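Start at 1 with the first residue, then count along the sequence. What you see is a predicted model, and the numbers here were worked out from it, not measured in a lab. Both counts, for ligands and for their atoms, begin at 1 and track the order of listing.
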Amino acid sequence: MTALNETHSPDLISWVDSANEPGTDFPIQNLPFAIFRRRESSELFRGGVAIGDQVVDLVKAKETGLFSDLALSGIEACGGNSLNAYMALGKEWWSALRLRLSQLLRNEITEEIKGALVECLVPQDQIEFSLPCTIGDYTDFYTSIHHATTVGSLFRPDNPLLPNYKWVPIGYHGRASSIVVSGVNFPRPIGQTKLPDADAPTLGPAKRLDYELELGVYMGVGNNLGTPIDLDSAEDHAFGVSLLNDWSARDIQAWEYQPLGPFLSKNFISSVSPWIVTMEALAPFRAQWTRDSDDPQPLAYLDSDSLRDSGAIDIKLEVYLETEKMRETSSPAVRLAESNFVQSYWTLSQMIAHHTLTGCNLRTGDFLGTGTQSGASEGETGSMLELSSGGKKPFTLPNGEQRTFLADGDKVILKGWCSGNSARRIGFGEVSGAVIS
Ligand code: MN
């Protein structure tokens, strides 16, 4: 785990005023990475780091001559239209560039340096994003025991939690080509579905379209085929975390999922937030990881002192829904649920250690979804499947509209942030998308 250092100090103030607003997602303690350009321009996409309501253009910043050594080779690797080259460098480079950016954006820097850097800022309300990196492979896990139990009870009332759940960080290999950055709207997918009492399936638009409230971890440094990553080194390979909405067609899923798992029900689109919050930025929000004494304790390759000490991460998560009617009446999106990744049954390091146990090689840019993050309580449901008890109980929105699953025009917005531990609050921004008819 990354130790706390001067970049995490809650006392740091930036000369970019908006970074000092209490509610900002992007104070100087965060410094997440994205790939951006000015909206509707013909500029090349390039690396940027968020500060307040601005983004530091890393191509321009490099040209100021204010970077040297590892920070220089780091920022040079951020000039292309994906962050893969930078993510492949490793922790020393990530730390060096973070420290240098932190120093240069602090209030006490000289007027001359501020003058040079202010030329490198672009307002975030003038930019558009592309995916932060080329994602080679995407794996989705199933780390919330609350989600697994509730969903299991809908699909298999007699046998909700399968016997492997408490031993294996369950996952499936997903589809990387249909991962998109926040803001992409998409048509309702078509598929085969079969009602329980029907003789044969029918073809048509999915009726049970859903979102999944997830986080994803981007791999930085990969491992060689045949060489597993051990639990305590796992996070040295991880670059950072973003929000993930793993859109799902439940009626397609219910018909197709046995025996090989989700296929078309999950492959039509998955949306990620544009910013990658680095593992180093998350250091102040680490939490103890525990396994209930009534549950089986993990096998040795999934357990360690350092995992127990600080393997979990306190990341607050929220889902908002904005319907067509809300847009027409200028009503704000409504919050459907809140949850927290700290409740996850398996950690990021356990996901990585388990994924590579066989010698499977993870590569720079590979993306590992956590699975839907539902909590133990009502109001902590990370999907509509859970909110509507499998479509059996419609729920009513504040404006009187009812839902069991997503209707055409519905926009889903996921948000996440970390606070507490006497640290400065940092946020993930958001990921949004809408289903269009
Ligand atoms: Mn999922």
Legend entry - Among the N, O or S atoms of Asp246, the one nearest the Mn ion (ligand 1): OD2
Legend entry - Residue pair Arg98, Glu280: steps toward the salt bridge (charged side-chain N to carboxylate O under 4.0 Å, His left out) verdict: CA-CA 9 Å; Arg98 174 180 166 85; Glu280 190 170 349; 3.8 Å; yes
Inset, instruction - Answer yes or no: are there more than 12 heavy-atom neighbours, outside Asn159 itself, under 6.0 Å from its atom CG? - result: yes
Inset, instruction - Would you name the N/O/S atom of Glu212 that lies closest to the Mn ion (ligand 1)? - result: OE1
Legend entry - Ring center gap for Trp247 and Phe268 short of 6.0 angstrom: no
Legend entry - For the Mn ion (ligand 1), the closest N/O/S atom belonging to Asp140: OD2
Legend entry - Of the N, O or S atoms in Glu214, the one nearest the Mn ion (ligand 1): OE2
Legend entry - Carboxylate-amine/guanidinium contact Arg425 Asp25, below 4.0 Å: yes
